[in-house]
Amino acid sequence: MALLEVNDLSVAFVQYVRGFRQQQAQVLHGLSLSVDSGEILAVVGASGSGKSLLAHAILGILPVNARARGSLRFRGEELTPERQQALRGSEIALVPQSVQYLDPLMRVGRQVRDAVRTGDPAEAQRSVFERYRLKPGTAALFPFQLSGGMARRVLVSTATVSGARLVVADEPTPGLDPAVVAEALGSFRELADEGCGVMLISHDIESALAVADRVAVLYAGSVVEIARAEEFAGAGEALRHPYTRALWRALPQNGFVPLRGSQPPANALPAGCAFAPRCAYADASCTAERPGERALRGGMVRCIHAS
């Protein structure tokens with residue numbers, strides 16, 4: 001049984017247009033994936049593909065005008081809004097995209113101690129700061145006194161001491177130099193090796209592959225492929241979806257091959273496959289209906305031409 005199961009998740013936003021008339025803009029479309037204990041699942045895709053929205057849906061922190069459908073299960077039990085609130089910060093922890101989630105008026109040592117659920121908070125804070133190479137004096141600092149790398153390590157420390165079984169890391173390394181990125185990602189690998197499940201959300205597929213076990217690729221609000229990390233190799237022959245192969249081949253070391261066009265906005269998706277207008281393999285059948293997900297070679301794909 002998977003630690004986290006997301007089944008057929010769709011999220012739409014209620015918007016007002018022309019006075020009090022409402023319309024819904026759907027942003028996630030039938031999204032399904034899972035995370036196992038001891039695993040890092042990387043969730044990758046371009047900006048606007050729905051990565052952060054997925055994280056917020058799991059944590060139960062969607063905006064009030066959001067409408068979610070589908071099933072979320074944690075340890076086999078449904079994640080109702082009440083259960084999400086009870087587990088948030090304890091069993092399920094978020095490492096947010098922005099270091100501004102740290103309280104600017106509270107010393108960081110106290111912020112980490114407040115996240116401790118069992119045992120001596122002071123000892124847990126000292127131990128985790130030592131683990132992530134934060135000097136003892138760091139505990140007395142305010143967030144504005146930290147470097148970007150230090151702030152990231154404080155955020156990871158908060159998730160670690162909470163005892164969470166699932167860590168959702170939403171773009172945890174933007175703007176950091178390569179050495180600090182490797183250090184931050186290594187801390188997630190340590191958590192997974194200790195039995196946690198980690199969902200690592202990132203637009204940086206190259207860095208994510210350094211620690212991930214599996215990779216879920218998002219495009220225009222849907223998961224188009226789930227592949228094992230080792231399948232990202234060579235010219236991408238083992239990958240299933242044309243978009244996944246395009247992401248892989250766009251990396252400098254893989255030829256720097258550009259992909260024409262751009263991802264469509266949520267309110268202007270084409271009929272059928274959302275990737276069809278950019279796909280070299282698309283034909284009339286691709287525009288007839290949205291491809292369903294299917295198992296293929298030990299992974300998952302949404303493409304009628306994948307083989």
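- Going from atom CD1 of I58 over to atom CG of L79 covers 8.5 Å, rounded to the nearest 0.5 Å.
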Donor-acceptor pairs are to be reported for all side-chain atoms of residues 31-45 against protein atoms at under 3.5 Å, with residues two or more places apart or in another chain.
| from | atom 1 | to | atom 2 | distance (Å) |
| --- | --- | --- | --- | --- |
| S32 | OG | D8 | N | 2.8 |
| E39 | OE1 | D36 | N | 2.8 |
| E39 | OE1 | R214 | NH2 | 3.2 |
| E39 | OE2 | R214 | NE | 2.4 |
| E39 | OE2 | R214 | NH2 | 3.3 |

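- Side-chain atoms of R152 come within 3.5 Å of backbone atoms of P172 as a donor-acceptor pair (strictly under, hydrogens ignored).
- Here the side chains of M106 and D114 are in contact, with some heavy-atom distance below 4.5 Å.
- Put simply, the side chain of E225 gets close to the backbone of H241: a donor and an acceptor are under 3.5 Å apart.
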Exercise. What do the steps show when you test R153 against S187 for side chain to side chain contact (heavy atoms under 4.5 Å, CB included), and what is the final call?
Worked result: CA-CA 9 Å; R153 281 177 277 171; S187 66; over 6 Å; no
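- Nearest heavy atoms, A124 versus V161: O-CG1, 3.9 Å.
- At distances below 3.5 Å, not a single donor-acceptor pair connects side-chain atoms of W248 with backbone N or O atoms of I205.
- Note on V99 and V167: same hydrophobic cluster, where clusters join Ile, Leu, Val, Met, Phe, Trp and Tyr whose side-chain heavy atoms are under 4.5 Å apart, directly or indirectly.
- For E230, the CD atom is densely surrounded, since the number of other residues' heavy atoms within 6.0 Å is greater than 12.
- The closest donor-acceptor contact from the side chain of R117 to the backbone of G89 lies under 3.5 Å.
- Counted within 6.0 Å of CZ on R88, heavy atoms from surrounding residues, nucleotides or ligands total more than 12; the atom is thus considered enclosed.
- Annotation for V198 and F188: closest pair CG2-O, 3.9 Å, computed over non-hydrogen atoms.
- The only option from Q84, R165, E5 that meets the side-chain contact (heavy atoms from CB on, under 4.5 Å) definition with F74 turns out to be R165.
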For this session: Could you walk me through whether L134 and S157 pass the side chain to side chain contact (heavy atoms under 4.5 Å, CB included) test, one step at a time?
Result: CA-CA 10 Å; L134 289 166; S157 297; 4.2 Å; yes
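- Here the side chains of P264 and Y219 are in contact, with some heavy-atom distance below 4.5 Å.
- Checked by atom type and distance alone, the side chain of S127 never pairs as donor or acceptor with a backbone atom of E123 at under 3.5 Å.
- Distance CG/L269 to CD/Q26: 8.5 Å, rounded to 0.5 Å.
- Counting heavy atoms from C-beta on, the side chains of Y132 and E190 come closer than 4.5 Å.
- For CD of Q145, the number of neighbouring non-hydrogen atoms (other residues, nucleotides, ligands) closer than 6.0 Å is greater than 12.
- Side-chain atoms of L259 and F275, non-hydrogen and from C-beta on, do get closer than 4.5 Å to each other.
- Rounded to the nearest 0.5 Å, atoms CD1 (I92) and CD (Q85) are 12.5 Å apart.
- A donor-acceptor pair under 3.5 Å links the side-chain atoms of E171 to the main chain of H203, judged by distance alone.
- Considering all non-hydrogen atoms of both residues, A46 and Q263 come closest at CB-OE1, 4.4 Å.
- Between the side chain of R249 and the backbone N or O of N254, no donor-acceptor pair lies under 3.5 Å.
- Taken together through direct or relayed side-chain contacts under 4.5 Å among Ile, Leu, Val, Met, Phe, Trp and Tyr, M199 and L3 form part of one hydrophobic cluster.
- Smallest separation of non-hydrogen atoms from D103 and P143: O-CG, 3.2 Å.
- Between the CG atom of L94 and the OG atom of S162 there is a distance of 10.5 Å, given to the nearest 0.5 Å.
- Annotation: side chain of H56 is in contact with side chain of D170 (closest heavy-atom distance under 4.5 Å).
- Applying the ring pair (Phe, Tyr, Trp, His ring centres under 6.0 Å) test to every pair with at least one member in residues 84-125, sequence neighbours left out, gives no pairs at all.
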For this session: Step by step, work out the side chain to side chain contact (heavy atoms under 4.5 Å, CB included) result for L141 and M150.
Result: CA-CA 11 Å; L141 300 179; M150 293 169 69; 4.3 Å; yes
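- Among all heavy-atom pairs drawn from A227 and E231, the shortest one is CB-OE1, 3.3 Å.
- Among pairs with a residue in residues 281-294, those fulfilling side-chain hydrogen bond (donor to acceptor under 3.5 Å, both in side chains) read S222-R290, D283-S285, D283-H305, at least two apart in sequence or across chains.
- Remark: Q15 CD to R21 CZ distance equals 11.0 Å, nearest 0.5 Å.
- Between the side chain of E237 and the backbone N or O of A235, at least one donor-acceptor pair lies under 3.5 Å.
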For this session: Go through the steps for R240 and R297 under the test side chain to side chain contact (heavy atoms under 4.5 Å, CB included), then give the verdict.
Result: CA-CA 9 Å; R240 300 156 186 78; R297 292 187 274 110; 3.4 Å; yes
For this session: Before giving the answer on salt bridge (Lys or Arg N to Asp or Glu O under 4.0 Å), spell out for R113 and D120 the whole-Å C-alpha distance, their side-chain angles and the decisive distance to 0.1 Å.
Result: CA-CA 9 Å; R113 292 192 293 273; D120 180 6; over 6 Å; no
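- The cluster map of Ile, Leu, Val, Met, Phe, Trp and Tyr, joined by side-chain heavy atoms under 4.5 Å apart, puts V14 and L53 in different clusters.
- Taken together through direct or relayed side-chain contacts under 4.5 Å among Ile, Leu, Val, Met, Phe, Trp and Tyr, M300 and I304 form parts of separate hydrophobic clusters.
- Taking the six-membered ring for Trp and thresholds of 30 and 60 degrees, F142 and F144 have nearly parallel ring planes, at less than 30 degrees apart.
- One hydrophobic cluster, built from ILVMFWY side chains closer than 4.5 Å, cannot hold both V217 and I226; they sit in different ones.
- Taken from NZ in K51 to CG in L200, the straight-line distance is 11.0 Å, to the nearest 0.5 Å.
- The two residues V108 and T138 make their nearest non-hydrogen contact at CG2-O, 3.1 Å.
- A side-chain donor-acceptor contact under 3.5 Å links R245 to the backbone of L239.
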